[in-house]
Amino acid sequence: MSEPTAEFRHRVLELVRQIPPGRVMTYGQVARYAGFPGRARQVGFVLHSLLPASGEIPWQRVINAQGGISTYRVGVGELQRALLVHEGVEFNPSGRCDLERFGWRPEVDEGALGL
DNA sequence: CAATTGACTTTTT
DNA sequence: GAAAAAGCCAATT
């Protein structure tokens, strides 16, 4: 049985849990790979629901399509950025990171940054 | 039940 | 690059 909402939530969390350290996904990508294209906003809503205790879910690895942090509005922006930097993600002076390098695709899943 | 809001994205000015 | 608009949909007021 799967109400769209529960199913969506479940798939999003399962997918986010699989993002390796030092890699990131955008809300739109998460929604798309979870099988619900266009629900980027809902992804943010689901992740917001598990704050402040994220448990097993690395919520900090989900950022916006511009490579920037979207969580300053909910007060965990600095934390998220610190966690990502600690994992090796580099941010530009503009506060954005290079999605070509740090973006993670489940289908690729190499684990090695193209350095 | 209608209106508003929100961890978004994409396209167009 | 910034701003506006349209699309998306669940939760809140």
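Every chain is numbered from 1, with letters handed out A, B, ... down the list of sequences.
Annotation: side chain of A:Q80 is in contact with side chain of A:I63 (closest heavy-atom distance under 4.5 Å).
Side chain of A:R32, nearest nucleotide from C:dC9, B:dA7, B:dT10: B:dT10. In this structure, the nucleotide among B:dC8, B:dA7, C:dC9 sitting nearest to the side chain of A:Q42 is C:dC9. With B:dA7, C:dA10, B:dT9 as the choices, the nucleotide that has an atom nearest any side-chain atom of A:V74 turns out to be B:dA7. When each of C:dA10, B:dC8, B:dA7 is scored by its nearest atom to the side-chain atoms of A:Q80, the top-ranked nucleotide is B:dA7. Comparing B:dA7, B:dT9, C:dG7 by their nearest atom to the side chain of A:R41 picks out C:dG7. Of the candidates B:dA7, B:dT10, B:dC8, B:dA7 carries the atom nearest the A:L50 side chain, counting heavy atoms from C-beta on.
One can place CG of A:N64 at 17 Å from P of B:dG6, the figure rounded to the nearest angstrom. Atom CG in A:L13 sits about 14 Å away from atom C1' in B:dA7, given to the nearest Å. Put simply, CD on A:Q66 is 11 Å from P on C:dA2, counting in whole angstrom units. If you take CZ of A:F45 and P of B:dT4, they are 17 Å apart, rounded to a whole angstrom. If you take CZ of A:R9 and P of B:dA7, they are 15 Å apart, rounded to a whole angstrom. Rounded to whole Å, the distance from CZ on A:R39 to P on B:dA7 is 18 Å. When rounded to the nearest whole Å, the span between NE2 of A:H48 and P of C:dC9 equals 21 Å. Nucleotide B:dT9 holds its C1' atom 13 Å from the CG atom of A:L99, rounded to whole Å.
Judged by distance alone with a 3.5 Å cut-off, no donor-acceptor contact links the side chain of A:R73 to the base of B:dG6.
A cation-pi arrangement is absent between A:R11 and A:F36, since the terminal nitrogen or guanidinium carbon is not both under 6.0 Å from the aromatic centre and inside a 45° cone about the axis. In this structure, A:R41 fails the cation-pi test against A:Y27, since its NZ or CZ atom is not both closer than 6.0 Å to the six-membered ring centre and inside 45 degrees of the ring normal.
Dashed line: the shortest gap from a side-chain N or O of A:S70 to OP1 or OP2 of B:dC8 is under 4.0 Å.
Across the P atoms, B:dA7 and C:dA6 are found 22 Å apart, a figure rounded to whole Å. One C1' atom belongs to B:dC1, the other to C:dT12, and the distance between them is 14 Å to the nearest Å.
With A:T71 contributing its side chain and A:V74 its backbone, the two residues share no donor-acceptor pair below 3.5 Å.
Between A:R96 and A:P37, the residue anchored nearer the 5' end of DNA chain C, judged by the nucleotide with its closest heavy atom, is A:R96.
A side-chain donor-acceptor contact under 3.5 Å links A:R9 and A:S49.
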